[in-house]
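Keep in mind it's a predicted model, so treat the numbers as computed, not measured.
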Amino acid sequence: MFIAIGEQANSEPVAQTLGLELDDKSFIKVNRRMQTSIPNVYAVGDVTGPPMEMFKARKEGVCAAKNIMGQASEYKAADYPDFMHTHYEVCWLGLSEAQARQRYANVKIMKLPPDSPNGLDVGLPAGDRVMLYLMAKPRMSGFQKLIIDGDTRKIVGAIHIGYGAKDGFQYLNYLVKNGLTIDDLADMDELFISPSYFIQLCRLRAGDIHFNDM
């Protein structure tokens, strides 16, 4: 069970001392250069608002430092990959299927296990650390899903439940934002059948000019 009670910023003491402008949730307001409402005062990390993630704090710190040193830089935490701290790695990036269908007219889906009468009994994706489930408990072998704009063939979203994909999703997210297609993914060389199943799924379909869900 997860209990989410929210987070409340505690920036008032610093803000009152310096006279910084806060938002309606008491986070310090900054622009894309990490500048506050006071010239030459910068703020980064949790005090600037969500997401409360280390990567965001680090990148904001780099952005602020560059601007302080006279090198123009901008940053806004958006469209980043994420995961849940659960027994299985639950990772996602980009759009969900519902979001994609609102934005695109021709959405295609590739996933394992497949939608079929015995889909949950297919022992795939049998990725790293769940190989023993392949025969004994195939429904526990994981889940993978790619969401694709069928017209441009671009990957617009991805989901992985299992192991071995958490680190890879930060790189995959960068490629997706730069227009990764199923044809590009199919050209990659997989090292093992884990997050690499995305590659194999795309390789199966990349030769189809018009492809259906899988």
Side-chain angles (χ1 to χ4, degrees), residues 4 6-85 89-96 99-100 102-104 146-149 152-160 164-191 195-196 198-199 202:
E7 296 171 299
Q8 182 67 37
N10 186 25
S11 307
E12 288 88 346
V14 173
Q16 290 175 1
T17 300
L18 298 179
L20 299 176
E21 185 178 354
L22 304 178
D23 64 16
D24 58 354
K25 294 185 178 179
S26 298
F27 292 110
I28 296 174
K29 282 188 175 183
V30 293
N31 60 18
R32 296 179 71 94
R33 301 182 68 179
M34 303 301 112
Q35 294 171 313
T36 67
S37 56
I38 299 178
N40 301 320
V41 176
Y42 295 76
V44 304
D46 291 353
V47 296
T48 67
M52 309 300 196
E53 300 280 0
M54 289 188 292
F55 81 85
K56 179 245 192 187
R58 288 193 292 264
K59 293 190 73 173
E60 285 186 342
V62 170
C63 178
K66 287 182 177 180
N67 285 300
I68 291 170
M69 297 299 291
Q71 179 181 343
S73 178
E74 293 187 354
Y75 174 68
K76 177 68 175 177
D79 298 328
Y80 51 88
D82 210 346
F83 74 101
M84 293 179 62
H85 295 275
E89 291 177 4
V90 181
C91 312
W92 63 91
L93 61 82
L95 303 176
S96 67
Q99 291 170 330
Q102 291 178 348
R103 188 174 302 186
Y104 301 101
L146 279 179
I147 303 152
I148 304 156
D149 173 17
T152 64
R153 303 173 73 86
K154 290 182 179 179
I155 309 297
V156 297
I159 300 167
H160 171 93
K166 182 173 64 178
D167 291 338
F169 260 50
Q170 57 194 328
Y171 304 104
L172 182 60
N173 187 68
Y174 178 82
L175 296 173
V176 167
K177 289 197 293 186
N178 282 273
L180 181 72
T181 68
I182 64 167
D183 307 284
D184 297 327
L185 206 52
D187 281 338
M188 296 182 185
D189 296 316
E190 75 275 14
L191 297 179
S196 308
F198 287 137
I199 297 173
C202 287

Look only at the side chain of Thr48 and the backbone of Val44, and say whether a donor-acceptor pair between them is shorter than 3.5 Å.
no
Listed partners of Val47 passing side-chain contact (heavy atoms from CB on, under 4.5 Å), at least two apart:
Ser11, Ile28, Ala43
Greater than 12 external heavy atoms within 6.0 Å of Asn178's CG:
yes
List the residues meeting side-chain contact (heavy atoms from CB on, under 4.5 Å) with Ala15, not counting sequence neighbours, and say none if there are none.
Leu20, Leu22
Taking every non-hydrogen atom, the tightest pair across Glu21 and Ser37
N-OG, 2.9 Å
Can you name the closest pair of heavy atoms from Asn173 and Gly94 and give their distance?
OD1-N, 4.3 Å
Residue pair Trp92 / Ile159, side-chain heavy-atom distance below 4.5 Å
yes
Closest non-hydrogen contact found for Leu95 with Tyr104 is CD1-CE1, 3.8 Å
N/O donor to acceptor pairs below 3.5 angstrom from side-chain atoms of residues 68-76, sequence neighbours left out:
none

Which heavy atom in Ala77 sits nearest to a heavy atom in Lys56, and how many Å separate them?
CB-CG, 3.8 Å
Tyr174 atom OH: more than 12 heavy-atom contacts under 6.0 Å:
no
On a heavy-atom basis, which atom in Ala158 and which in Leu172 lie closest, and how many Å separate them?
CB-CD2, 4.4 Å
What one should report as the nearest heavy-atom pair of Cys63 and Arg32 is SG-O, 3.6 Å
